[in-house]
Amino acid sequence: GETWGDAGKLISSGRLDTAMNYIFKDALVDWIAKDKISASEFSKRINRMLSLYPKEVALRLYNPLDSHDTSRFIHECNYDLNKFKLGVALQMTLPGCPAIFYGDEVGLSGDNDPGCRLCMEWNEDKQNKELFSWYKKLINIRKNNRALYEGNYHSFICDDKQNIYAYSREIDQECLIVIVNADDIERVIDTPTKNGKWRNIIDDSYITESVIKVPALSVHILKKEEI
């Protein structure tokens, strides 16, 4: 179903299975693209969104960065690829089903309707290969980590001063931590990685200290490995 707000009435028992989650999209635009809200306000919006639905419904919400009725997310980011990539990382790791609007994966842009409905760019020489590779990496990470599509969600860092937001996704023995630095400078944070062996599955590096550096406008996805 298509709605701009709380979809509870649309997806209650005996009705639709899911709905377009513009609450999710608006939160990402306001924090990542526009820098209009703080990390803690973003967390409040995401947690409120999740509180509107039973877990099994929240996990199948249609989560877009943009759509046929809104400006493209890359346009909202003022063509900042690093911000755009953060949005994709959040889309692929927060609860819900990522909904990729055609062309986002190759950098198709445009203002609101009709700009957001431009024809697909099929000329590979004009497609953004960096974004395409990023999408493939994040999709692969999501597909190979059950916690990202079925796991529980818990936000545990909402640092407004450093503009850092971190959350965990867990199911059974699988645990991942997602750390997003939406600031334009490198930040140093203390993470709950003292126990166990952790790997950053973005770049396949191992975490050896609980205090880590997170580069400007970047994301770490840490996975606890079995010993």
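The closest side-chain heavy-atom distance from Phe24 to Leu61 is not below 4.5 Å. With a 4.5 Å cut-off on side-chain heavy atoms, Met120 and Val106 count as touching. Between Ile32 and Phe42 the shortest side-chain heavy-atom distance does not fall below 4.5 Å. Side-chain atoms of Tyr135 and Asp104, non-hydrogen and from C-beta on, do get closer than 4.5 Å to each other. A heavy-atom distance below 4.5 Å is found between the side chains of Ile157 and Ile189. Residues Gln91 and Lys25 form no side-chain contact, since every pair of their non-hydrogen atoms from C-beta on lies 4.5 Å or further apart. With a 4.5 Å cut-off on side-chain heavy atoms, Ile74 and Leu131 count as touching. The shortest distance between side-chain heavy atoms of Gln127 and Phe132 does not fall below 4.5 Å.
Hydrophobic clustering of Ile, Leu, Val, Met, Phe, Trp and Tyr side chains at less than 4.5 Å, counting indirect connections, unites Ile207 with Ile177. Under the 4.5 Å side-chain heavy-atom criterion for ILVMFWY residues, no single connected hydrophobic cluster contains both Phe101 and Tyr22. Transitive grouping of hydrophobic side chains (ILVMFWY, heavy atoms separated by less than 4.5 Å) brings Ile139 and Leu81 into a common cluster. Cluster annotation: Trp134 and Val178 are assigned to the same hydrophobic cluster (Ile/Leu/Val/Met/Phe/Trp/Tyr, side-chain heavy-atom contacts under 4.5 Å, transitive).
Of all non-hydrogen atoms in Ala58 and Tyr53, the two that sit nearest each other are N-CB, 4.1 Å. Of all heavy-atom pairs between Arg146 and Asp172, the closest is NH1-OD2, 2.9 Å. Contact detail for Leu86 and Val219: the closest heavy-atom pair is CD2-N, 3.9 Å. Considering all non-hydrogen atoms of both residues, Ile179 and Leu222 come closest at CD1-CD1, 4.0 Å. For the pair Leu59 and Pro95, the tightest heavy-atom approach, listed with the atom from each and the gap, is CD2-CB, 4.2 Å. Closest approach of Tyr167 and Ser155 over heavy atoms only: CB-CA, 3.7 Å.
Using a 4.0 Å cut-off between charged side-chain N and carboxylate O, Asp26 and Lys34 make no salt bridge. With respect to Asp204 and Arg199, a salt bridge is recorded, a charged nitrogen being found less than 4.0 Å from a carboxylate O. Taking 4.0 Å as the cut-off between side-chain N and carboxylate O, Glu41 and Arg45 count as a salt-bridged pair. Classification of Asp183 and Arg187 as a salt-bridged pair holds, one side-chain N sitting under 4.0 Å from a carboxylate O.
With values rounded to the nearest 0.5 angstrom, Ser51 atom OG is found 13.5 Å from Lys44 atom NZ. Atom-to-atom distance recorded for Ile23:CD1 and Ile46:CD1 is 9.5 Å, nearest 0.5 angstrom. With rounding to the nearest 0.5 Å, the separation of CG in Leu176 from NZ in Lys224 is 12.0 Å. Note that OG of Ser133 and CD of Glu105 are 12.0 Å apart. Values are rounded to the nearest 0.5 Å. Taking CD1 of Ile171 as the reference point, atom OH of Tyr149 lies at 8.5 Å (rounded to 0.5 Å). The structure places NZ of Lys213 at 13.0 Å from OG of Ser218, a figure rounded to the nearest 0.5 Å.
For Asn145 (side chain) and Leu148 (main-chain N/O), no donor-acceptor pair under 3.5 Å exists by modelled atom type. The closest donor-acceptor contact from the side chain of Asn140 to the backbone of Lys136 lies at 3.5 Å or more, if one exists at all. In this structure a side-chain-to-backbone donor-acceptor pair under 3.5 Å is present from Asn163 to Ala182. Side chain of Thr93 to backbone of Ala89: a donor-acceptor contact under 3.5 angstrom is found. No donor-acceptor distance shorter than 3.5 angstrom exists from the side chain of Ser38 to the backbone of Asp160, with no hydrogens or angles considered. Of the possible donor and acceptor atoms, one in the side chain of Glu174 sits under 3.5 Å from a partner among the backbone N and O of Ala147.
Side-chain contact of Ser205 with Asp203: a donor-acceptor pair under 3.5 Å is present, judged by distance alone. For the 3.5 Å distance criterion, the side chains of Glu170 and Tyr153 fail to qualify, holding no donor opposite an acceptor. Defined by atom type and a distance below 3.5 Å, a donor-acceptor pair is present between the side-chain atoms of Asp111 and Ser71. Lys223 and Asn200 are not linked by any side-chain donor-acceptor pair at a separation below 3.5 angstrom, with hydrogens and angles left out of the test.
For Arg48, the CZ atom counts as loosely surrounded, since its 6.0 Å shell holds 12 or fewer non-hydrogen atoms of other residues, nucleotides or ligands. Counting heavy atoms of neighbouring residues, nucleotides and ligands inside a 6.0 Å radius, atom NZ of Lys143 does not exceed 12 of them. Summarising the local packing, CD of Glu56 is surrounded by more than 12 heavy atoms from other residues, nucleotides or ligands at distances under 6.0 Å.
Figure legend: Arg72 and Tyr102 shown as a cation-pi pair, the cationic atom lying under 6.0 angstrom from the six-membered ring centre and within 45 degrees of its axis.
Between Phe73 and Phe84, the angle of the ring planes lies from 30° to 60°, which puts this pair in the tilted group.
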So Asp184 and Lys83, salt bridge (Lys or Arg N to Asp or Glu O under 4.0 Å) or not? Walk me through it.
CA-CA 10 Å; Asp184 56 5; Lys83 286 187 173 185; over 6 Å; no
